[in-house]
Amino acid sequence: MRNQKTIRQAVSISGIGLHSGKRVTLTLHPARANTGIRFLRTDLPESREIQANVRNVHSTTLATTLSSGDVKISTVEHLMSALWVMGIDNVLCSLDGGEIPILDGSAAPFAQLIRKAGLKPQRSARRFLVALKTIEIRVGDKWAILRPSREFRIRYTIDFPHPVIGKQSFEFNSNTNFLEEIAPCRTFGFLKDVERMQAMGLALGGSLQNAVVLDDVKALNPEGLRFQDEFVRHKVLDAIGDLSLVGYPILADIELHRAGHELQTRLVQELLEQPGAYSIYVPGKQEDLEKPLCLAQAAYAF
Ligand SMILES: [Zn+2]
């Protein structure tokens with residue numbers, strides 16, 4: 001687990017974008033050590049690569065969009081979540097459109113794609129980001145707090161005044177099986193918002209095939225929920241995707257309450273911008289941090 005990893009072979013998947021409704025093909029390619037996760041649009045004549053890093057976050061409205069110049073890639077969070085937890089350090093993601101396919105609204109198809117590609121250890125040592133200071137972002141009754149810790153942990157609570165959701169909380173830690181407990185959890189939305197968004201030209205690809213849709217009293221999906229608390233689990237999935245934009249696996253304890261892409265992205269930005277808030281370490285070289293990392297352990301099924 002101490003070496004960087006890429007994928008063994010190129011793999012592709014096709015589907016529609018949640019917001020654009022357009023059909024796209026995503027291909028993951030093996031990449032050299034120390035190059036990180038990068039995106040490339042193949043539908044643009046003079047495209048450039050976009051590093052999956054919080055510095056390149058263009059917008060966090062409804063989904064997380066990365067950009068470099070005027071080249072944009074949106075809805076990266078579910079793919080990023082799967083790549084990060086499954087321990088992929090280096091990969092080039094090429095896409096013939098501007099939005100990552102939504103597939104079934106969860107990260108499970110991406111996790112299956114990565115498993116199909118296989119993992120390939122590389123010679124370079126993996127580096128980790130260790131949080132050294134507490135970072136706290138509060139907006140009204142929403143908050144995101146990151147505290148130094150020797151393990152990666154997320155505690156998420158949501159509170160929606162809806163009979164199917166209500167108050168839900170979930171803790172992701174070294175005992176959580178991402179592939180079984182988090183990856184299958186789908187994005188969700190409310191019917192009244194979907195109708196309003198579609199009138200504005202958003203969520204054009206949204207359907208019961210790629211989201212849990214709720215009216216005022218129930219989920220409309222005939223197959224029902226995958227977990228009774230699928231909603232907060234999906235929020236954890238999204239949060240992992242947003243946190244991955246720090247560019248390294250991280251050692252920190254993260255508490256999120258009614259947060260979302262914007263707060264999660266601001267938390268990562270603050271962590272990287274505050275002087276002395278973190279250090280980068282290579283396992284085995286600093287004996288004072290002997291405990292293996294939960295993220296490394298959690299990469300897990302391989
Ligand atoms: Zn999501």
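For reference, positions follow the sequence shown, starting with 1. Each ligand, and each atom within it, is numbered from 1 in the order the structure gives.
Counted within 6.0 Å of CZ on Arg55, heavy atoms from surrounding residues, nucleotides or ligands total 12 or fewer; the atom is thus considered open. Enclosure of atom CZ in Arg41 by more than 12 non-hydrogen atoms of other residues, nucleotides or ligands within 6.0 angstrom is indicated.
In this structure a side-chain-to-backbone donor-acceptor pair under 3.5 Å is missing from Asp89 to Gly36. Side chain of Ser124 to backbone of Ala33: no donor-acceptor contact under 3.5 angstrom is found. Listed for the Asn221 side chain is a donor-acceptor partner under 3.5 Å among the backbone atoms of Leu208.
Residues Ile158 and Val232 come closest through the heavy atom pair CD1-N, 3.7 Å.
The Zn ion (ligand 1) has His78 NE2, His234 NE2, Asp238 OD1, Asp238 OD2 as its protein N, O or S neighbours under 2.8 Å.
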